[in-house]
Q: 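Could you have a look at this structure, given as structure tokens, before my questions?
Order of the sequence lines fixes the chain letters, A, B, ..., with proteins taken first and strands second; residue numbering starts at 1 for each chain.
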Amino acid sequence: MNIKNVIQVKNLTKKFGDFTAVNKISFEVKQGEIFGFLGANGAGKTTAMKMLIGISKPTSGEAQVADFNVYTNPEDIKKNIGYMSQKFALYDDLTVKENITFFGGIYGLPKAIIKEKSEVLINELNLQEVANELVGSLPLGWKQKIAFSVALLHNPKVVFLDEPTGGVDPITRRQFWEMIYKTAHNGTTVFVTTHYMDEAEYCDRVSIMVDGKIEALDTPKKLKEQFKAENMNDVFLKLARG
Amino acid sequence: MSIKLENISKSFKKVTAVKNVSFEVKEGEIFGLIGPDGAGKTTLFRILTTLLIADEGTASVTGFDVVKDYKKIRNSVGYMPGKFSLYQDLTVEENLTFFATIFGATIEENYDLIKEIYVQIEPFKNRRAGDLSGGMKQKLALSCALIHKPTVLFLDEPTTGVDAVSRKEFWEILKNLQQKGITILVSTPYMDEAALCDRIALIQDGKILEIDTPQQIVKHYPKKIYNVKANNMYSLILNLNEYKFNHSVYPFGEFVHYTDKRDDFNPADLQQYLKNNGLKNVFIQQTKTTIEDTFMELAK
């Protein structure tokens with residue numbers, strides 16, 4: 001069985017003047033894989049991700065995301081990926097339904113499809129009673145679940161999640177991870193950047209960036225064996241503290 | 001008692017932020033408020049630091065009432081709010097001098113207390129606070145909260161948004177401050193930090209779920225927890241959710257944490273059930289209870 005690579009990165013580099021933020025990183029992510037992209041503050045995670053989602057041009061190296069080249073087809077990449085972050089996800093002063101309609105429109109979905117998807121989403125998340133309430137009035141955990149579903153509206157090949165469950169209560173967090181497993185099971189690749197090591201434990205494979213380079217890449221289980229560590233937090237501390 | 005709350009309640013319009021909260025923090029203790037965003041942690045901090053008045057209940061800090069003696073409390077406590085609240089357009093050194101001056105102190109007289117932290121940001125003392133990295137901002141904010149030598153330190157989510165290495169260093173700093181006799185009330189949404197406190201209060205939706213030492217809280221958990229794993233995580237979760245004897249099913253890193261309703265639960269039965277439903281490489285093993293397991297059981 002040959003599973004396709006949805007993300008292919010080779011020697012990807014980004015320099016700002018004399019400073020090399022991302023230094024020749026290489027990796028592949030398969031279809032349906034949950035890939036954790038870890039690193040300390042300032043290690044280069046955000047810079048690397050900006051290149052992958054087509055909003056920052058690399059200095060050198062190659063990258064293909066959802067079959068498109070980051071240099072030549074960044075707009076096609078944006079159409080074929082979903083994105084959600086802790087800092088920005090939904091508009092607080094629009095209702096749940098309005099947010100869905102808005103983002104569906106941004107991704108160019110026909111009105112009939114948006115209406116249909118909106119109903120499915122609201123039913124699946126049990127949001128019937130709050131569908132016409134402002135998103136700003138909802139608990140954080142609900143917002144995060146809606147934001148994730150909205151990021152999937154246009155059936156992207158890969159969805160990028162930036163610290164998706166920070167601050168969310170533990171039960172809602174589990175429900176969120178169940179949604180991620182389901183998404184991956186249905187064939188969408190999930191790319192998670194985080195510096196919370198317990199989020200890393202859920203991923204199929206994780207990479208750890210230190211000072212612009214990928215210093216480790218494997219399954220959480222193998223990394224723990226390799227570094228003789230009890231959990232991913234210890235793995236990370238051993239790598240980043242040297 | 002260094003900090004004492006009795007039946008504190010506070011509402012904002014329709015929203016009840018905290019409801020009937022009581023707890024005590026002993027002198028020299030590191031006490032953790034552990035709960036997710038929206039649990040009421042920040043409201044409690046604001047009440048205890050005299051920035052907000054409770055609707056009901058009483059509270060005192062170092063023996064002073066938070067309403068009547070608010071000026072005395074302000075002189076004797078340090079507060080590091082969750083949101084970065086220093087002056088972004090003042091330099092590192094100017095911020096520190098400013099906070100020392102308004103408390104009638106000088107950097108020199110209390111330098112010993114902040115030395116360990118401040119030496120790490122001293123090379124950048126002429127940089128504006130707004131241009132610092134997250135980890136450095138956090139260290140500057142702690143230095144400013146300490147420069148008047150407070151007896152009680154309030155830290156509202158000091159490690160949120162900070163990477164694992166800086167988090168570890170930060171907790172080492174807190175342990176050292178504790179050695180110097182400072183009482184610390186610290187909040188965090190991260191359950192793994194709970195184990196680093198002397199005692200913790202688990203809090204959700206404005207209510208305290210439980211207060212005890214981290215070791216005791218875990219012991220109160222009523223069930224045996226099993227790590228379960230199989231070849232397909234999503235299918236495993238679905239099948240466990242369908243299993244009629246399940247008490248709880250929570251994804252937990254590479255495993256699912258499973259508890260069973262029956263007292264005489266035999267893992268072999270579950271193994272067989274999962275096999276019958278097409279799962280392969282099924283692995284079941286009893287595991288240790290974590291604070292997070294306890295939190296979920298109480299919050300259910």
Q: Using a plain distance cut of 3.5 Å, could you tabulate donor-acceptor pairs between chain A and chain B?
A:
residue	atom	partner	partner atom	Å
A/Asn41	N	B/Asp163	OD2	3.0
A/Asn41	OD1	B/Asp163	N	2.8
A/Asn41	ND2	B/Gly161	O	3.3
A/Gly167	O	B/Asp37	N	2.9
A/Arg173	NH1	B/Glu292	OE2	3.4
A/Arg174	NE	B/Pro251	O	2.7
A/Arg174	NH1	B/Glu292	OE2	2.7
A/His185	ND1	B/Asn232	ND2	3.4
A/Tyr196	OH	B/Gly161	N	2.6
A/Tyr196	OH	B/Tyr190	OH	3.3
A/Glu201	O	B/Glu254	N	3.1
A/Tyr202	OH	B/Pro251	O	3.2
A/Lys224	NZ	B/Glu254	OE2	3.0

Q: At a heavy-atom separation under 4.5 Å, does B/Pro36 approach chain A through its side chain, its backbone, both, or neither?
A: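 When you check distances to chain A, atoms from both the backbone and side chain of B/Pro36 fall under 4.5 Å.
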
Q: Under the criterion side-chain contact (heavy atoms from CB on, under 4.5 Å), I'd like the reasoning laid out for A/Ile81 against A/Leu52: C-alpha separation, chi angles, the key distance, then a yes or no.
A: CA-CA 10 Å; A/Ile81 62 168; A/Leu52 296 181; over 6 Å; no

Q: Run A/Val158 and A/Val29 through side-chain contact (heavy atoms from CB on, under 4.5 Å) and show every step you take.
A: CA-CA 10 Å; A/Val158 45; A/Val29 186; over 6 Å; no

Q: What orientation do A/Phe35 and A/Phe27 show, parallel under 30°, tilted 30 to 60°, or perpendicular over 60°?
A: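 Rings of A/Phe35 and A/Phe27: parallel, as their planes differ by under 30°.
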
Q: Set out, in order, the CA-CA distance, both residues' side-chain angles and the distance that settles side-chain contact (heavy atoms from CB on, under 4.5 Å) for A/Leu90 and A/Val96, then state yes or no.
A: CA-CA 9 Å; A/Leu90 300 168; A/Val96 174; over 6 Å; no

Q: I need the minimum non-hydrogen distance between A/Pro170 and B/Met296, along with the two atoms involved.
A: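 Here A/Pro170 and B/Met296 meet closest at CB-CG, 3.6 Å.
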
Q: If the test is ring pair (Phe, Tyr, Trp, His ring centres under 6.0 Å), which one of A/Phe148, A/Tyr83, A/Phe191 qualifies with A/Phe160?
A: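 The single option meeting the ring pair (Phe, Tyr, Trp, His ring centres under 6.0 Å) with A/Phe160 is A/Phe191.
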
Q: What part of A/Leu140 is in contact with chain B, defined as an atom under 4.5 angstrom from a non-hydrogen atom: side chain, backbone, both or neither?
A: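 The answer is the side chain of A/Leu140.
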
Q: Restricting to non-hydrogen atoms, name the atom on B/Pro251 and the atom on B/Ile237 that form the minimum distance, rounded to 0.1 Å.
A: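 Looking at all heavy atoms of both residues, the shortest contact is CG-CD1, 4.0 Å.
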
